Structures are given as structure tokens and as C-alpha cells.
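Working notes for the structure below.
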There are 2 protein chains.
Amino acid sequence: MNDDGLSIGKVSEATGLSVHALRFFEREGLFLREIPRTGGGQRVYAQADVDWLALCDRLRASGMPIATIRTFAELVRRGPGNEPERLALLREHEENVRARMDELGACLDVIHTKVAVYERHVREGTAAGVWSPMPSDG
Amino acid sequence: MNDDGLSIGKVSEATGLSVHALRFFEREGLFLREIPRTGGGQRVYAQADVDWLALCDRLRASGMPIATIRTFAELVRRGPGNEPERLALLREHEENVRARMDELGACLDVIHTKVAVYERHVREGTAAGVWSPMPSDG
DNA sequence: CTAAAACCTAGACCGCGCGCTAGGTCAAGG
DNA sequence: CCTTGACCTAGCGCGCGGTCTAGGTTTTAG
């Protein structure tokens, strides 16, 4: 209704983050600016805040800790001039995510091998022996 | 030195898990059997326990909660006959891991796009404007 | 104008996966 | 034998990323 002013509820809906989480993020200093308030003290967000939250959400979903997002937000708030630092931070996270994917891939190999063993086992009707209490296995 | 009897310290070394973690796992019922003790009450592990721990470690590393590992361990302890249940549990986890990898991949796209933007930005010498306090961005 | 819905702050609480401490006991080398 | 280091139990504490409650105020729809 207001030209671009969004209530916390709207932002919650738009981002999928709970209103609790939004207030928590604010306390933690994750926003790029002070969120303005109405006379009565209620937060008024802009679309830009929602866009930033969307990015935060992807960073979080990929395992970036709140503290690191805060560091990044601080760099942005500090204004132009520190782009190389921001880039370094993002690159490092990118590396972390790739590493995590690799690790998951390796785990997947192990798990899938286990699955394959059980599949054969079940298909062939509980072959027994190797599958008793303590056969080095599970 | 004993024919196959491993102290908790040895197992810790062999698995990379802390002795605290090993005792914690035991309290949480993650082992496939009661770990036997010396007369003096010290745990005596076998190689099979270490092998099982290695699997647990991969399950943990891929995000399986302790409670789910316990469920799996309980099935194994219960003995032959429930292999289909074990298989279902493993398959579900495999699916979860794949889903997680997909999610990470999607995040990676977003992050790498951001990285690319910053790379160009930095390469071209702080292009300014779009990078001030609140340009829908970070 | 009123009632309901949405919002506010401060702060307690939660599940997870351990880590660490206190206060002892046990085992192996010299 | 005695020291030293590894081990034992019980149980509290912690960091993370929020959630939830209590008690009150603001906004909005009718």
C-alpha cells in the first residue's frame, strides 16, 4: 500500500524467514543499513532489503555462519573501496562449498556401496552369516 | 599387544574420534554390541568396532543425526530379519545426501555469479554507483 | 470507535554434538 | 614398588541458530 514500504510480516512471507529470524538477523547486524521504523516503532523494509535477505539465505543454506555474513555485511556497509576483501570472502566460501560437495560425494560412494550390498542381500533372501551381530559390519 | 583388544585411546587414534566422543557414542547406544571391559572396567574394543565406527563417521559426516544412527544400530543389533528396514533407512539417507548436494549446487550457482560480478568489478577498478550502501545488492 | 491482527522488546529456552572438569581408579615401565 | 599416564563415571557447559513467551503497543478493517 505504501510505495515500497514492507512490514516484517510481508518480508517474512516474501523470504520464507520467520519474523523471529528477521529480528534476530537485525540484532546480529546482518542488514546493510539500519531498518527504518514508523512513528510507532514498527520496521519498514524496502525491496532492497528483501533482495539482500535472499542472498543471505543462500549463504546460510550453503553453510556460511552468521558471523561471516555479518563480516560481509560490515564490509558492504563500510562502502566502496573494500571490494577485494568482499571478493576474497566470497571466494573462500565458494571453495568451502565445493569442498563440502566433494566430501558429500565421497560419503555418498560409501553409503551407496552399503545400499548396493543390502539390495543384493535382500534380493537374494537374507543370505545370513555375514549379517549376524558382529561381522565387522552393519 | 593383546590379540585384537584395543583401548579407547587406540580406537580414538584409529578413527580420529575423541575419547569423549567414543564414550558419548556408547552412552547414545550407537555400538552394535556391549563393549566388553577389563576387570578394572576399561573398555576393550575389537577391530569390528573400529570398522563400524568408520561407517558411523561417514554417516555423520554426511549429516545423519545421532538418533538415526542409533535406529540403524538397533536394527542391526536386533539381528537378521529386518534387512529391508535397514535398506530403507540407508536409501532414505542416500536420497537426503543427494538432495543436499543438489541444494549446495544451486547455492554455488548464486555464489559464483556473485563472485564473477565482484571479479569484473575489481578488475575494472571499483566501478562505483551500483556498489554504494543500498543498491539492492552486496 | 472498536476489536482483532500485527507488531514491539527483552529475555528465556531448545536440540545438537560434543568438550571439559572433578575426583578418583587402573595398568605398564623402570 | 611406585610413578606416570591412560582410563573411569557423572554431570555441567557451550556455540550455533534460531524459537517461543510474556506483556504491552500499533495498525487496520469494519
Side-chain angles (χ1 to χ4, degrees), chain A residues 1-3 5-31 34-46 49-50 53 55-73 93 96 100 103 107, chain B residues 1-3 5-31 34-46 49-50 53 55-73 93 96 100 103 107:
Chain A
M1 295 297 178
N2 325 327
D3 55 4
L6 299 165
S7 71
I8 197 169
K10 296 290 183 194
V11 173
S12 170
E13 249 177 75
T15 59
L17 297 161
S18 73
V19 299
H20 293 297
L22 290 172
R23 291 195 277 245
F24 172 71
F25 283 10
E26 186 170 328
R27 275 203 301 284
E28 294 293 312
L30 302 194
F31 283 95
E34 295 266 298
I35 302 301
R37 307 294 185 108
T38 65
Q42 307 200 184
R43 293 168 178 84
V44 183
Y45 297 87
D49 299 309
V50 173
L53 284 169
L55 176 58
C56 287
D57 193 48
R58 293 302 77 199
L59 293 174
R60 283 277 318 112
S62 51
M64 184 181 283
I66 295 285
T68 307
I69 300 180
R70 174 166 46 233
T71 299
F72 187 63
H93 183 60
N96 293 344
R100 179 64 181 147
E103 191 188 5
C107 291
Chain B
M1 293 301 178
N2 324 326
D3 55 5
L6 299 165
S7 71
I8 196 169
K10 297 289 181 194
V11 172
S12 171
E13 249 178 75
T15 59
L17 297 161
S18 72
V19 298
H20 293 298
L22 290 173
R23 292 195 277 244
F24 172 70
F25 283 10
E26 186 170 327
R27 275 202 302 283
E28 294 294 313
L30 302 195
F31 283 93
E34 295 266 299
I35 303 301
R37 308 294 184 110
T38 65
Q42 307 199 184
R43 293 168 179 83
V44 182
Y45 298 87
D49 300 309
V50 173
L53 283 169
L55 176 58
C56 287
D57 194 48
R58 293 302 76 200
L59 293 174
R60 286 269 320 109
S62 52
M64 184 181 283
I66 295 285
T68 307
I69 300 181
R70 174 166 46 233
T71 300
F72 187 63
H93 183 59
N96 292 343
R100 179 64 181 147
E103 191 188 4
C107 291

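Below, read A as the first sequence line, B as the second, and so on, with proteins coming before strands; counting in each chain starts at 1. Small disclaimer: the values here were computed from a predicted structure and weren't measured.
- Put simply, the side chain of Leu22(A) reaches to within 4.5 Å of the side chain of Val11(A), judged on heavy atoms.
- Put simply, CG on Leu53(B) is 12 Å from P on dC18(C), counting in whole angstrom units.
- Using a 4.0 Å cut-off between charged side-chain N and carboxylate O, Glu28(B) and Arg60(B) make no salt bridge.
- The distance between atom CZ of Phe25(A) and atom P of dT9(C), rounded to the nearest whole Å, is 16 Å.
- Across all their heavy atoms, Leu17(B) and Ala21(B) have their closest contact at CB-CB, 4.4 Å.
- The listed nucleotides are dC18(C), dG18(D), dG17(C); the one nearest the side chain of Ala21(A) is dG18(D).
- When heavy atoms are screened at a 4.0 angstrom cut-off, Arg27(B) is found touching no nucleic acid atom at all.
- Annotation: side chain of Ile35(B) is in contact with side chain of Glu26(B) (closest heavy-atom distance under 4.5 Å).
- In terms of position on DNA chain D, the residue among Leu17(A) and Glu26(B) whose nearest nucleotide sits closer to the 5' end is Glu26(B).
- Residue Arg37(B) is the one, among Phe24(A) and Arg37(B), whose nearest nucleotide of DNA chain D lies closer to the 5' end (criterion: closest heavy atom).
- Across all strands, Arg60(A) comes closer than 4.0 Å only to sugar-phosphate atoms, never to a base (heavy-atom distances).
- At least one side-chain nitrogen or oxygen of Ser18(A) sits closer than 4.0 Å to the OP1 or OP2 atom of dT19(D).
- For dT9(C), one of the phosphate oxygens OP1 or OP2 lies less than 4.0 angstrom from a side-chain nitrogen or oxygen of Arg43(A).
- In the set dC18(C), dC7(C), dC7(D), the nucleotide with an atom closest to the side chain of Arg23(A) is dC7(C).
- Atom CZ in Arg70(B) sits roughly 12 Å away from atom C1' in dG17(C) (whole-Å rounding).
- As rounded to whole Å, 14 Å separates atom C1' of dG11(D) from atom CD of Glu28(B).
- Counting to the nearest Å, the C1' atom of dT27(D) and the NZ atom of Lys10(A) are 13 Å from each other.
- For His20(A), counting side-chain heavy atoms from C-beta on, the closest listed nucleotide (dC20(D), dG17(D), dC7(C)) is dC20(D).
- Along DNA chain C, the nucleotide closest to Gly63(B) and the one closest to Gly40(B) are compared, and the more 5′ of them pairs with Gly63(B).
- For the pair Glu103(A) and Arg100(A), the salt-bridge criterion is met [side-chain N within less than 4.0 Å of a carboxylate O].
- Checking dC7(D), dG17(D), dG17(C) against every side-chain atom of Ile66(A), the shortest atom distance belongs to dG17(D).
- If you measure from atom CD of Gln42(B) to atom P of dC8(D), you get 5 Å, rounded to the nearest angstrom.
- The nearest whole Å value for the distance from the CD1 atom in Ile35(B) to the C1' atom in dC7(D) is 15 Å.
- The side chain of Thr38(B) places no N or O atom within less than 4.0 Å of a non-bridging phosphate oxygen (OP1 or OP2) of dC26(C).
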